[in-house]
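Shown next, in structure tokens, is the structure this report addresses.
Only heavy atoms go into these numbers, but all of them, side chains included; no hydrogens, no water, no symmetry mates.
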Amino acid sequence: MPEKVRTVFEDSGDEKLVKLKLSPQPTEEPERKKKRNKKRKLDDSEASKPADQDEPREIPTPAKQVETTICVPKKRPEITSQTNGPPSSKSYPKSKPRPFADTKTNFTPLREKAKALLETRRKLPVFENADLIRELLRKQDVMLLVGETGSGKSTQIPQFLVDEFWCRPVPTQITRDGKTENKMVGGCIAITQPRRVAAISLARRVAEEMGTPLGSHSPASKVGYSVRFDTSTSPSTRVKFLTEGMLLQEMLHDPNLTKYSAIVVDEVHERGINVDLTLGFLRNLVSGKKEGRGGVPLKVIVMSATADMESLTDFFQQGFKHSEPTQKAIEGADAEADKMDTSTPKDISVCHIKGRQFAVKTIYSPAPVHDFVDAALKIIFQIHQKEPMPGDILVFLTGQETVEALEHLVNEYAMGMDPSLPKILVLPLFAALPQAAQQRVFAPAPPRTRKIVLSTNIAETSVTVSGVRHVIDCGKAKVKQFRTRLGLDSLLVKPISKSAAIQRKGRAGREAPGQCFRLYTEKDYLGFDDTNTPEILRCDLSQALLNMKARGVDDIVGFPFLTRPPREALEKALLQLLNINALEDDGKISPVGLHIAKLPLTPTLGRVLLAAAENGPECLLDVIDIISCLSVENIFLNTTSEEKKEAAEAARRDLYRREGDHLTMLTTVRVYAAEHSDRKAWAERHLVSHRAMQSVMDVRKQLRTQCRQAKLLTSEALNNTSLHDPSPILILQSFLAGFATNTARLVPDGSYRTIVGNQTVAIHPSSVLYGKKLEAIMYNEFVFTNRSYARGVSAVQMDWVGEALAGKD
DNA sequence: GAGCACTGC
């Protein structure tokens with residue numbers, strides 16, 4: 001090993017850095033395992049392993065006792081003092097035995113299991129706050145809960161609440177449009193999650209803890225989940241885990257969420273656009289008059305891992321302030337109400353629950369790092385030489401390119417390594433990696449071997465690698481940013497936020513004390529943003545706006561955004577919706593828009609689908625096949641080596657169509673769907689991603705069903721198995737109905753210029769049209785990475801483009 | 001000659 005390897009961080013003052021606010025915290029085994037299950041993305045079969053694998057393991061004794069902080073509104077000191085009293089676990093069982101009373105099924109084994117789990121649940125930090133949380137929610141409708149990693153909040157909070165009196169269904173009379181209707185309101189708790197796998201594995205865990213079967217397995221099941229393509233609930237479901245997108249979807253059909261007594265919004269700190277929309281709608285619901293719920297209140301519990309609760313408190317308080325006038329009228333106490341504005345929150349409580357993690361030592365680079373791949377290489381071998389086994393290394397890099405570069409370097413250096421040292425096993429990890437290769441990361445390292453996982457930020461939230469005690473953080477990540485003015489997405493390397501840095505560091509302290517090497521200076525760290533930029537500031541807003549319009553939010557400017565997008569971004573999105581006729585001229589949603597909003601597609605792809613329907617059932621079926629591919633990750637596998645690349649070219653030649661990527665996708669779906677013996681083998685032969693194709697078939701099925709329900713397709717058209725010849729012209733013209741502005745023409749110097757905006761754009765190398773010179777092209781995506789690229793490209797004729805653009809006026 | 005990570009009845 002080269003001399004240099006050891007130098008960089010040798011004297012980087014570990015002592016000083018250790019002091020960095022690391023709350024020394026013990027660990028909690030079941031919670032950790034739950035998290036691992038929860039975060040282990042990408043493999044549902046893994047998540048569905050039998051529960052007995054979740055049994056606690058031996059764990060080192062924690063260094064210090066957990067500290068639990070509770071902050072409640074100053075007005076209620078008496079409640080705070082309650083939690084400082086005797087252990088609350090005693091009071092828990094009093095409301096517990098009920099769940100089984102009303103069923104004949106033999107749940108004895110499940111109950112036994114639940115009983116065993118109760119012991120470990122009691123040790124969760126959140127458990128001692130159960131009474132306080134219940135108490136507060138009896139009186140207030142909104143609770144903000146900061147729960148650090150390992151606090152157990154996601155599994156326990158719903159169980160604390162499910163037997164509360166306010167969580168029962170209430171018979172009500174709801175008057176709408178002059179008609180009065182008797183209806184049961186409430187009874188269920190929803191818990192939203194940003195990711196599918198998290199929703200499913202949390203549901204599984206909570207079902208075990210409650211001693212009830214999961215979802216549709218039994219009509220008596222109390223716990224279920226709902227994610228796209230996979231819903232598992234029963235008539236008795238009281239606790240339902242769902243993705244944020246799924247809750248938004250439910251709200252389209254039932255804006256008042258009448259099934260629910262409480263909505264728990266989890267992982268809010270991740271700030272995906274769906275969570276922002278959800279919170280906006282929920283705020284309107286809790287601070288409104290609740291007529292649609294027959295006056296039955298809805299409890300909202302907002303949970304986050306970071307302490308930035310101020311903006312959320314303000315957010316909900318603003319809502320109550322706005323609703324004050326109606327209350328004033330009722331109470332006739334104007335002066336009192338005005339005073340409320342400056343006092344403590346009246347309707348919101350805030351709880352803070354410390355998590356359980358081992359201490360992680362932070363080691364900064366003493367000087368700025370220019371080449372983080374090189375710097376990471378040195379630290380890897382420094383750790384490998386100095387640190388005892390076991391203790392795997394997790395390196396956060398920016399993308400596939402840097403991951404593969406470092407993989408190569410580490411393997412090269414390892415060959416010249418002192419043979420007396422333990423072996424090294426380098427494992428890359430990124431989303432585009434085939435499933436089997438990803439799974440290797442989760443297997444324990446072989447004896448006398450140190451695992452070195454080189455990962456993108458997929459390991460920050462979506463996937464948990466066990467065995468990690470050393471983290472190396474390059475301090476950067478690729479971030480997608482929609483640029484309103486240019487109408488393009490850029491994918492650029494940017495510094496991460498402080499909260500992402502903390503999250504990365506935390507990955508070293510899940511099983512034992514660890515260390516985190518930051519490939520940047522402490523000064524750099526202090527210059528990072530506090531939190532990740534919310535997605536709502538980084539993405540095209542047309543889908544979000546259409547969703548809002550579809551449920552009658554016409555005043556976009558008046559909508560309660562947790563973070564308000566710039567006016568320009570909102571205007572651009574509105575314009576885009578007008579362009580595809582999703583809105584009327586007065587800004588209200590059009591019938592076309594309403595139809596599009598119900599499809600699980602971007603507004604543009606939704607528009608394409610409707611245009612295809614006008615071109616006849618054959619064209620619609622073909623366009624559904626193509627759209628299904630476009631709404632899924634890349635269906636063609638990445639080719640790693642040169643030989644593979646050539647093999648791929650040869651294998652796929654019969655799928656490629658000269659018209660472009662759209663017709664190529666259509667051919668691929670058709671051939672795949674016609675393959676009845678072994679689709680997996682077929683996919684492997686053609687270097688097509690079988691996983692992606694399975695998703696394509698799911699989406700295709702869903703879209704076909706929706707089209708039949710909307711009477712765009714007849715059952716005969718769907719059942720007709722004889723294949724027609726596709727009409728490229730009709731298909732591409734349908735696409736132009738949504739993508740007329742995503743077109744470019746060839747200019748004399750051989751490059752392409754966009755027809756709207758006259759910007760230079762190149763055909764992406766992944767396209768079948770890469771390097772081809774055509775009169776004009778249409779593309780689905782306009783992305784900037786190292787240069788401007790068009791992705792999802794087909795050849796079109798200029799006069800079609802002219803017609804499509806003229807149709808907009 | 002190139003692909004951060006999620007999601008949708």
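Using a 4.0 Å heavy-atom distance criterion, A/F229 is classed as making no nucleic acid contact. Among the protein residues, A/V783 comes within range of no part of the nucleic acid, since none of its heavy atoms lies under 4.0 Å from any strand. As judged by a 4.0 angstrom heavy-atom cut-off over every strand, A/L601 is placed among the base-contacting residues. Among the heavy atoms of the strands lying under 4.0 Å from A/Q702 are primed sugar atoms or P, OP1, OP2 only; no base atom is included. A/T231 comes within 4.0 angstrom of nothing in the nucleic acid, heavy atoms only. When heavy atoms are screened at a 4.0 angstrom cut-off, A/T785 is found touching the sugar-phosphate backbone but no base atom.
A donor-acceptor contact under 3.5 angstrom links the side chains of A/R753 and A/T760, judged on distance only.
Position along DNA chain B of the nearest nucleotide to A/Q706 versus A/S766 favours A/S766 as the more 5'-ward residue. Comparing A/S226 and A/T456 by the nucleotide of DNA chain B that holds the closest heavy atom to each, the one mapping nearer the 5' end is A/T456.
Nearest to the side chain of A/N457, among B/dA5, B/dG1, B/dT7, sits B/dA5. If you check B/dG3, B/dC9, B/dC4 against the side chain of A/N786, the one that comes closest is B/dG3. Taking the side chain of A/Q400 as heavy atoms from C-beta on, and the options B/dC9, B/dC4, B/dG1, the nearest nucleotide is B/dC4. Among B/dT7, B/dC9, B/dC4, the nucleotide with an atom closest to any side-chain atom of A/K480 is B/dC4. With distances taken from any side-chain atom of A/H253 to the nucleotides B/dG1, B/dA5, B/dC9, the minimum falls on B/dC9. In the set B/dA5, B/dC9, B/dA2, B/dA5 carries the atom at the smallest distance from any side-chain atom of A/E535. Among B/dC4, B/dT7, B/dC9, the nucleotide with an atom closest to any side-chain atom of A/Q249 is B/dC9. Minimum atom distance to the side chain of A/L491 is reached by B/dC4, of the listed B/dC4, B/dA5, B/dG1.
The CG atom of A/L242 sits 11 Å away from the C1' atom of B/dC9 (whole-angstrom rounding). Following rounding to the nearest Å, A/E401 (CD) and B/dG1 (P) show an atom-to-atom distance of 14 Å. Nucleotide B/dA5 holds its P atom 12 Å from the CG atom of A/L397, rounded to whole Å. Here the C1' atom of nucleotide B/dG1 and the CD1 atom of A/I763 are 13 Å apart, to the nearest Å. A/K478 places its NZ atom 9 Å from the C1' atom of B/dA2, with the value rounded to the nearest Å. If you take CD1 of A/I458 and P of B/dC4, they are 11 Å apart, rounded to a whole angstrom. Remark: C1' of B/dT7 and CZ of A/F241 are 18 Å apart, rounded to the nearest angstrom. Between the CG atom of A/N634 and the P atom of B/dG1 there is a distance of 19 Å, given to the nearest Å.
Contact between the side-chain N/O atoms of A/Y789 and the OP1/OP2 oxygens of B/dA2 is found at a separation under 4.0 Å.
Applying the side chain to side chain contact (heavy atoms under 4.5 Å, CB included) criterion to A/K476, with sequence neighbours excluded, gives A/F372, A/T398, A/C474, A/V493. Among residues two or more places apart in sequence or in another chain, the side chain to side chain contact (heavy atoms under 4.5 Å, CB included) test is passed with A/A405 by none.
Exactly one of A/I589, A/L277, A/L541 qualifies for a side-chain contact (heavy atoms from CB on, under 4.5 Å) with A/M548. That residue is A/L277.
Rounded to the nearest 0.5 Å, atoms NE2 (A/H408) and CG (A/L454) are 13.0 Å apart.
Taking the six-membered ring wherever Trp is involved, the centroid distance between the rings of A/F281 and A/F559 falls below 6.0 Å.
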